[in-house]
Amino acid sequence: MTALQMDDDRSARFEALYGAHRRSIAAYVRRRVVEHDVEDVLAQVFLIAWRRFAMIPPPPEDRLWLFGVARRMVADHRRSTVRRRRLSERLAEEARGPVGPVGPVGTFETTQLRVDRALQALRPGEREVLRLVLWDGASHAEAAALFGCSANAAELRYRRARNRFREAFLARSPTGRTPVQEISSSLAPRVSGGAQPRGGSMPRALITGITGQDGRYLAELLIGKGYQVHGMIRGQNNPKGRIVQDEIPEIELINGDLTDLSSLIAAVEQVQPDEVYNLGAISFVKLSFSQPELTADVSGTGVLRLLEAIRIVGGPNNRIRFYQAATSEMFGKVHEIPQSETTPFHPRSPYGTAKVFGYYTTLNYRESYGIHASNGILFNHTSPRRGLEFVERKITNAVARISLGLQDTVALGNLETSRDFGYAGDYVEAMWRMLQRDDPSDFVVATGTRWSIRQVLDLAFAAIGIEDWSRYVVSDDRFLRPAEVDQLVGDASRARDVLGWEPKVTFPQILQEMVRHDIELEQAKAGGRE
Ligand code: NAP
Ligand code: F7E
């Protein structure tokens with residue numbers, strides 16, 4: 001076989017690999033990076049695949065190999081703001097090219113905004129070839145292999161994409177505004193009356209509980225909306241700080257603890273936030289029975305301290321908006337079914353009583369000082385980022401381990417109790433929407449459907465093809481509580497009507513995704529031990 005034939009053969013095999021796996025790799029990447037970076041990450045994955053073609057195992061293992069590369073590229077991508085900056089500069093230079101100067105050069109941020117807008121105007125294939133050639137330095141032959149065309153055609157495709165990029169970069173919008181003005185306005189919160197960024201710059205948010213499930217989803221949501229996000233981290237050299245930073249490099253971490261007023265004042269003073277989301281808490285109900293005083297201090301008095309910090313730093317014309325993570329646990333021994341904003345509270349745990357204190361303190365600061373403070377009364381919500389101590393994640397993780405032969409049974413407490421479960425990614429959207437309204441208020445956020453722990457077991461075991469789970473589940477009194485809440489189910493019609501919020505992901509969908517995620521996680525851990 002001649003070198004040329006070998007090359008043709010390689011191109012054909014590569015094309016087959018690309019055709020077979022691009023969709024699933026794209027879906028994987030799309031869930032992990034912001035939309036306009038998806039094509040870039042994909043281009044990197046396939047460029048590596050082309051360069052290391054000889055190392056790719058035959059089907060079906062090729063798929064796993066590609067996922068491994070994609071995982072690394074996503075991690076690299078998240079770390080690399082420098083890379084993003086370099087690309088923007090290259091593209092901006094490219095656009096200025098032979099047509100001469102493009103008006104004021106502007107700051108890095110304004111260049112970035114123009115570049116992003118111009119990239120958005122391109123078709124995905126155009127973005128891909130531009131990034132591949134201009135950014136990753138791929139040759140036209142390499143691009144050709146990726147697209148399954150000749151090197152000449154790839155070069156043509158690249159030139160066309162570059163010209164279209166240049167046009168879009170230079171274009172004025174139909175409103176007559178410059179691309180920068182256009183984008184800046186689209187970054188501002190979209191619901192009416194949203195918090196305006198100070199001094200015309202990015203809006204700033206401070207999140208307590210950044211290492212928790214909701215903190216991470218909320219941070220991603222806000223970053224996607226153009227916020228500068230500061231996450232409060234407690235303790236000395238807290239290892240979770242590094243994990244969060246690796247996962248979401250755009251977050252700025254700031255020290256502070258809800259039990260320490262001076263640290264909260266310092267944090268609010270330093271960040272000068274437009275919005276504060278108080279998600280920090282001792283949130284595990286069972287633990288609150290054995291550490292009631294700590295729970296009251298963090299989850300209850302902590303709210304008061306943070307509001308004091310906001311009152312002190314924000315001064316008389318306080319513009320800081322505040323979100324308090326209230327909870328369905330406040331309804332406890334329920335007075336009606338379903339529960340809404342008007343249902344009386346009857347908490348059944350130290351956690352519930354602390355949260356009732358936080359709720360009324362939030363209300364009190366709104367009424368006494370006119371602070372824009374709102375309570376989100378959220379029912380249970382979950383995700384693959386849920387702590388392993390909570391029942392639904394404990395179950396999905398155990399199911400994953402059982403399916404891999406790493407565990408025989410799972411020990412649980414009360415199986416008859418039920419909860420209204422939703423998806424955390426949906427619920428953080430409701431938090432944000434509350435703070436974009438002119439009037440602060442309190443909202444129930446729930447799905448309106450209830451699942452017993454038995455049903456959770458049905459769903460999770462069904463995901464690995466087991467119908468009768470009875471031999472895998474053992475009863476253990478250590479997981480029972482001194483008092484239980486049984487009938488929690490929320491009526492979120494006000495959130496739907498006023499905030500335009502509704503859940504998008506159903507509980508069975510998210511639970512299935514959690515089982516899948518936990519299988520991957522446990523496989524990776526087991527692989528690491530070998
Ligand atoms: P989570 O995963 O348990 O996270 C709790 C967060 O609070 C962690 O980041 C933790 O930091 C932080 N924290 C604990 N003690 C602190 C202290 N002394 N000072 C500052 N931060 C502290 O909780 P989540 O599920 O994301 O829930 C977020 C909030 O919503 C919580 O307030 C919870 O009570 C409430 N809520 C949750 C649900 C739900 O179903 N998820 C429903 C209703 C309400 P470390 O990592 O350093 O410990
Ligand atoms: O318990 C029963 C347990 O600990 C749910 C927090 O996010 O949501 C969460 O609180 C139910 C309880 O969550 C086990 O008795 C049975 O009835 O997962 P959980 P939670 O208490 O509902 C509310 C809305 C919050 O605000 C909280 O922050 O499951 N259960 N067997 C068990 N629970 C656990 N944890 N472990 C068991 O083995």
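Please read all numbers here as calculations on a predicted model, not as lab measurements. Just so you know, ligand 1 is whichever comes first in the structure, and atom 1 is the first atom listed for that ligand.
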Worksheet entry | Best match, Arg419, Gln213, Arg348, Glu329: closest heavy atom to atom 12 (C) of ligand 2 | Arg419

Worksheet, complete the sentence: A student checking ligand 2 against Thr417 at a 4.0 Å heavy-atom cut-off should list atoms 2 (C), 17 (O)

Worksheet entry | ligand 1 versus Ala326: contacting region, heavy-atom distance under 4.0 Å | backbone

Worksheet entry | atom 41 (N) of ligand 1: the protein heavy-atom neighbour that sits closest, reported with distance to 0.1 Å | Arg386 NH1, 2.9 Å

Worksheet, complete the sentence: Counting heavy atoms under 4.0 Å, the part of Lys286 that contacts ligand 2 is neither

Discussion item. Students should be able to answer this: which protein heavy-atom is nearest to atom 35 (N) of ligand 2, and at what distance?
Written reply: Glu389 O, 2.9 Å

Discussion item. Quick one, Val515 and Ser403 - any side-chain contact, counting heavy atoms below 4.5 Å?
Written reply: no

Worksheet, complete the sentence: If you compare Arg386, Arg393, Glu392, Arg481 by their heavy atoms, the one closest to atom 4 (O) of ligand 2 turns out to be Arg481

Worksheet item: Would Lys286 count as a cation-pi partner of Tyr351, with NZ or CZ less than 6.0 Å from the six-membered ring centre and within 45° of the ring normal?
Response: no

Worksheet item: Is there any N or O on Leu378 that sits under 3.5 Å from an N or O of ligand 1?
Response: no

Discussion item. Ring of Tyr227, cation from Arg204 - is the NZ or CZ under 6.0 Å from the centre and inside 45° of the axis?
Written reply: no

Worksheet item: Can you tell me which residue and heavy atom of the protein come closest to atom 32 (C) of ligand 2, and the distance to 0.1 Å?
Response: Val391 CG2, 3.5 Å

Response to the item:
Residue, atom and distance of the protein heavy atom nearest atom 13 (O) of ligand 2 read Asn380 ND2, 3.9 Å

Worksheet item: How close does the nearest protein non-hydrogen atom get to atom 15 (O) of ligand 2, and which residue and atom is it?
Response: Glu484 OE2, 2.6 Å

Worksheet item: Are any of the heavy atoms in Thr208 under 4.0 Å away from ligand 1?
Response: no

Worksheet item: So which protein heavy atom does atom 31 (N) of ligand 2 come closest to, and at what separation?
Response: Gly413 N, 2.9 Å

Fill in: Numbering as shown, the atoms of ligand 2 that approach Ser283 to under 4.0 Å (heavy-atom distance)
6 (C), 27 (C), 28 (O)

Worksheet item: Does Gln324 reach the side chain of Phe322, with side-chain heavy atoms less than 4.5 Å apart?
Response: yes

Worksheet entry | Gln213, any N or O under 3.5 Å of ligand 1 N or O | yes

Worksheet item: Would you say ligand 1 has an N or O under 3.5 Å from any N or O of Asn238?
Response: yes

Discussion item. Closer than 4.0 Å to some heavy atom of Phe479 - which atoms of ligand 2 meet that?
Written reply: 37 (C), 38 (O)

Item to complete: Between Val298 and ligand 1, find which residue part has any heavy-atom pair under 4.0 Å and reply side chain, backbone, both or neither.
Response: side chain

Worksheet item: Does a side-chain heavy-atom distance below 4.5 Å link Ile223 with Ile251?
Response: yes

Item to complete: Assess the side chains of Asp297 and Thr259: does a donor N or O sit below 3.5 Å from an acceptor N or O?
Response: no

Worksheet item: Counting from 1, what ligand 2 atoms have a heavy atom of Val285 closer than 4.0 Å?
Response: 10 (O), 21 (O)

Discussion item. If the cut-off is 4.0 Å to any non-hydrogen atom of Thr327, which atoms of ligand 2 fall inside it?
Written reply: 23 (C), 24 (C), 25 (C), 26 (O)

Item to complete: May I ask you to test the His346-Val334 pair for a side-chain heavy-atom distance under 4.5 Å?
Response: no

Worksheet item: Which part of Ile453 is near ligand 2, with near meaning a heavy atom under 4.0 Å away: side chain, backbone, both or neither?
Response: side chain

Worksheet item: Which protein heavy atom lies closest to atom 37 (C) of ligand 2, and at what distance to 0.1 Å?
Response: Lys394 NZ, 3.7 Å

Worksheet entry | Residues, nucleotides or ligands: over 12 heavy atoms within 6.0 Å of Arg32 CZ | yes

Practice prompt. Flag the pair Met434 / Leu499 as yes when at least one side-chain heavy-atom distance between them is below 4.5 Å, and no otherwise.
Written response: yes

Response to the item:
protein heavy-atom neighbour closest to atom 23 (O) of ligand 1 works out as Ser283 OG, 3.6 Å

Fill in: For atom 25 (C) of ligand 2, the protein heavy atom that lies nearest, with its residue and separation
Tyr351 OH, 3.4 Å

Worksheet item: How does Lys355 reach ligand 1, if at all, at less than 4.0 Å between non-hydrogen atoms: by side chain, backbone, both, or neither?
Response: side chain

Worksheet entry | Nearest non-hydrogen protein atom, atom 16 (C) of ligand 2 | Asn414 O, 3.2 Å

Worksheet item: Is there at least one pair of N or O atoms, one from Ser328 and one from ligand 2, spaced under 3.5 Å apart?
Response: no

Worksheet item: Considering only the protein, which heavy-atom contact is closest to atom 27 (O) of ligand 1, and what is its distance?
Response: Asp214 OD2, 3.7 Å

Practice prompt. If you have a sec, work out which protein heavy atom is nearest atom 40 (O) of ligand 1 and how many Å separate them, to one decimal?
Written response: His381 N, 2.9 Å

Worksheet, complete the sentence: shortest atom 45 (P) of ligand 1-to-protein heavy-atom contact is with Thr211 OG1, 3.3 Å

Worksheet entry | Polar atom proximity, Gly212 to ligand 1 (N or O, under 3.5 Å) | yes

Practice prompt. Assess whether atom CG of Asp408 is packed by more than 12 heavy atoms of other residues, nucleotides or ligands within 6.0 Å.
Written response: no

Worksheet item: Numbering the atoms of ligand 1 from 1, which are under 4.0 Å from a heavy atom of Asn380?
Response: 40 (O)

Worksheet item: Taking atom types as modelled and ignoring hydrogens, do the side chains of Thr447 and Asp420 form a donor-acceptor contact shorter than 3.5 angstrom?
Response: yes

Worksheet item: Is it true that Phe421 and Trp451 have ring centroids separated by less than 6.0 Å?
Response: no

Worksheet entry | ligand 1 contact on Tyr351 by region, counting heavy-atom pairs under 4.0 Å | side chain

Worksheet item: Nearest protein heavy atom to atom 47 (O) of ligand 1, by residue and atom, and its distance?
Response: Arg234 NE, 2.9 Å

Discussion item. Tell me whether the rings of Phe390 and Phe284 are parallel (<30°), tilted (30 to 60°) or perpendicular (>60°).
Written reply: perpendicular

Worksheet item: Taking the six-membered ring of Tyr323, is NZ or CZ of Arg321 closer than 6.0 Å to its centre and within 45° of its axis?
Response: no

Worksheet entry | Whether over 12 other heavy atoms sit under 6.0 Å from Arg23 CZ | no

Practice prompt. Determine yes or no for a side-chain-to-main-chain donor-acceptor pair under 3.5 angstrom, with Gln455 supplying the side chain and Ser452 the backbone.
Written response: yes

Worksheet item: Would a line drawn from the ring center of Tyr427 to the ring center of Tyr217 be shorter than 6.0 Å?
Response: no

Practice prompt. Starting from atom 28 (C) of ligand 1, locate the nearest protein heavy atom and write down its residue, its atom name and how far away it is, to 0.1 Å.
Written response: Leu279 O, 3.4 Å

Worksheet item: Heavy-atom contacts under 4.0 Å between Ile233 and ligand 1: side chain, backbone, both, or neither?
Response: neither

Item to complete: Show which atoms of ligand 2 fall inside a sub-4.0 Å distance from at least one heavy-atom site of Phe284.
Response: 4 (O), 35 (N)

Worksheet item: Below 4.5 Å, heavy atoms only, C-beta onward: do Ser383 and Tyr423 meet side chain to side chain?
Response: yes

Discussion item. I'd like to check whether Lys240 has a polar contact with ligand 1, where a contact means an N/O of the residue lying under 3.5 Å from an N/O of the ligand.
Written reply: yes

Worksheet item: Leu412 versus Leu415: any side-chain heavy-atom pair under 4.5 Å?
Response: yes

Worksheet item: Which residue holds the protein heavy atom closest to atom 7 (O) of ligand 1, what is that atom called, and what is the gap in Å?
Response: Ala281 N, 3.0 Å

Worksheet item: Any sub-3.5 Å donor-acceptor pair from Asp442's side-chain atoms to Asn375's backbone N or O?
Response: yes

Worksheet item: Which atoms of ligand 1 are found less than 4.0 Å from any heavy atom of Ala325?
Response: 29 (C), 30 (O), 32 (O), 35 (C)

Fill in: Pair Trp501-Phe443, ring pair (Phe, Tyr, Trp, His ring centres under 6.0 Å): steps then yes or no
CA-CA 11 Å; Trp501 177 88; Phe443 291 91; over 10 Å; no

